[in-house]
Amino acid sequence: MKDILVIEGGQPLYGNVHISGAKNAGLVLIAASIMAEGETILDNVPRICDVEVMVQILNEMGVKAFWNEDDSLSIIPPATTVKTQTPYELAKKLRASNLFLGALLGRQGEAIVSLPGGCDIGSRPMDLHLKGAQALGADIDIEHGYIYARALQMHGSRVYLDFPSVGATENIMMMAVKTPGLSIIENAAKEPEIVDLANFLNSMGGKIRGAGTDLIKIEGVPVLNACRYTIIPDRIEAGTYMIAAAITGGEVLVENVIPTHLHPIVAKLQETGATVQETEQGLLVKGGQRILPADIKTLPYPGFPTDMQSQMMALLSLAEGTSVIVENVFENRFQIVDELKRMGAKIKLEGHSAIVEGTPSLYGARVKATDLRAGAALVLSALAARGETTIEEAIHIFRGYEDIETKLKSLGAKIK
Ligand code: EPZ
């Protein structure tokens with residue numbers, strides 16, 4: 001797979017872009033599908049690298065998973081047990097493979113998953129996931145880089161999360177949905193992807209209430225029956241294209257979105273002077289004459305998403321004034337700063353804050369994508385910059401953005 005993107009900047013973007021299914025809903029629904037009896041068919045699954053790795057992991061665990069001609073994904077677990085250990089070589093490529101902890105424990109009371117190390121954006125421990133597993137009756141051992149979770153008998157229980165972790169909430173929901181008794185998750189994550197997981201599990205006969213609030217109640221059911229389900233659109237992909245319109249001074253209609261999921265992003269975009277109009281097909285974003293500064297604090301949903309922080313920094317680096325960005329979710333998510341500085345941005349770091357002094361223009365340079373969202377932000381800066389930018393390690397971007405080259409080209413971008 002190619003690993004370099006070259007972008008000639010300075011073109012305002014115009015046109016319509018169709019948003020794909022949500023990566024962060026797709027990954028967890030793929031894991032949850034192993035708990036169902038029969039063939040699950042998932043629609044609107046994005047064809048991105050992370051999804052392909054999840055499909056490979058399923059196949060290695062003895063679960064049939066394959067794409068259909070209509071681009072839907074079929075998942076058929078065997079009637080007997082599934083391999084309880086996730087394959088290390090694949091699992092280490094994808095942090096979300098830790099979602100098999102909940103799916104395997106929920107399905108068969110045993111799971112061996114590789115302990116995901118930290119990644120570029122932070123240490124990312126799993127203590128809350130394990131706290132939930134122990135509360136529901138699992139014994140946990142950590143040896144040789146693996147989590148061994150085993151439960152002779154799972155039982156409903158109450159779990160309070162010290163932080164509304166998305167992954168821990170999802171894993172505990174999957175552990176609890178087939179566990180006898182009532183389980184309650186307090187201070188649960190409220191992201192739209194959590195609601196999508198609950199709706200999916202409930203479509204298969206689960207009894208989950210309160211998803212989308214900080215109190216989720218789950219009454220265990222003996223069986224989940226496979227179904228056909230359509231995944232929600234990707235709010236982070238949508239946000240990225242909305243900023244592409246604003247940063248290039250263009251006009252883009254972002255189609256196939258759920259506007260309520262985008263409220264925090266729309267609010268901040270409007271503060272920077274862009275206009276956002278809701279239409280029948282989606283959101284119409286027009287870049288303003290000027291880009292105005294705005295202060296950002298990342299928070300769990302419905303706060304401003306940390307997955308949009310880098311893209312917003314790219315926009316604010318061209319604002320007429322100074323903005324302060326505070327990253328509250330991941331302790332190491334400012335790696336893009338040095339790369340943006342290579343393009344002429346003026347940014348100073350102070351602990352969890354970045355002080356972004358806007359500059360009239362950026363210029364093309366050779367830069368490196370350090371993670372998925374930093375990569376997307378470099379694409380945005382390159383679209384606005386004067387001259388040519390070469391983005392190395394673009395593989396990070398392909399992990400989470402379906403057909404990004406084709407979509408940007410259809411909006412008039414010069415990208416190869
Ligand atoms: C999910 O990661 C997303 N990934 C991330 O998107 C997203 O940034 C994140 O939620 C926050 O919205 C997927 O859904 C696959 P968390 P997750 O558990 O579940 C701490 C992207 O770019 N924490 O909510 O790993 C943790 O260290 C990716 O698409 C603990 O301390 O995030 C972090 O600081 C990047 N102990 C904070 O909570 C735990 O047991 C939020 O993490 C778990 C988490």
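Remember, it's 1-based here, ligands and their atoms both numbered in the order they're listed.
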Measure the distance from [atom] to every protein heavy atom, then report the residue, atom name and distance (to 0.1 Å) of the closest one.
atom: atom 32 (O) of ligand 1; result: Phe330 CZ, 4.0 Å
atom: atom 24 (O) of ligand 1; result: Val166 N, 2.8 Å
atom: atom 19 (O) of ligand 1; result: Gly167 N, 2.8 Å
atom: atom 36 (N) of ligand 1; result: Asp127 OD1, 2.7 Å
atom: atom 5 (C) of ligand 1; result: Asp307 OD2, 3.8 Å
atom: atom 3 (C) of ligand 1; result: Asn24 ND2, 3.7 Å
atom: atom 23 (N) of ligand 1; result: Pro125 O, 4.2 Å
atom: atom 38 (O) of ligand 1; result: Phe163 CD2, 3.5 Å

Can you tell me how far apart [atom1] ([X]) and [atom2] ([Y]) are? Round to the nearest 0.5 Å.
X: Asp196; Y: Thr230; atom1: CG; atom2: OG1; answer: 9.5 Å
X: Glu193; Y: Ile236; atom1: CD; atom2: CD1; answer: 7.0 Å
X: Arg373; Y: Leu378; atom1: CZ; atom2: CG; answer: 13.5 Å

Side chain, backbone, both or neither: the part of Arg333 lying under 4.0 Å from ligand 1 by heavy atom: side chain
For ligand 1, the portion of Ser165 having any non-hydrogen atom under 4.0 Å away: both
Atoms of ligand 1 less than 4.0 Å from [X] heavy atoms?
X: Val329; value: 33 (C), 34 (O), 37 (C), 41 (C)
X: Met126; value: 40 (O)
X: Lys23; value: 21 (C), 29 (O)

Option whose closest heavy atom lies nearest to atom 2 (O) of ligand 1, chosen from His129, Arg124, Arg373, Arg95: Arg124
contact_flag Arg399 ligand 1 heavy-atom lt 4.0 Å: no
Keeping [X] on the side-chain end and [Y] on the backbone end, is there a donor-acceptor pair under 3.5 Å?
X: Gln277; Y: Leu284; answer: no
X: Asn328; Y: Thr298; answer: yes
X: Ser97; Y: Ala91; answer: yes

Residue among Asp162, Asn187, Ile172, Thr169 satisfying side chain to side chain contact (heavy atoms under 4.5 Å, CB included) with Leu128: Asp162
Side chain to side chain contact (heavy atoms under 4.5 Å, CB included) between Phe334 and Ile347, intermediate numbers included: CA-CA 10 Å; Phe334 285 140; Ile347 305 169; over 6 Å; no
Modelled atom types, side-chain donor and acceptor of Gln11 and Thr248, under 3.5 Å: no
Thr370 side chain to Gln335 side chain, donor-acceptor N/O pair below 3.5 angstrom: no
Any N or O of Ala168 closer than 3.5 Å to N or O of ligand 1: no
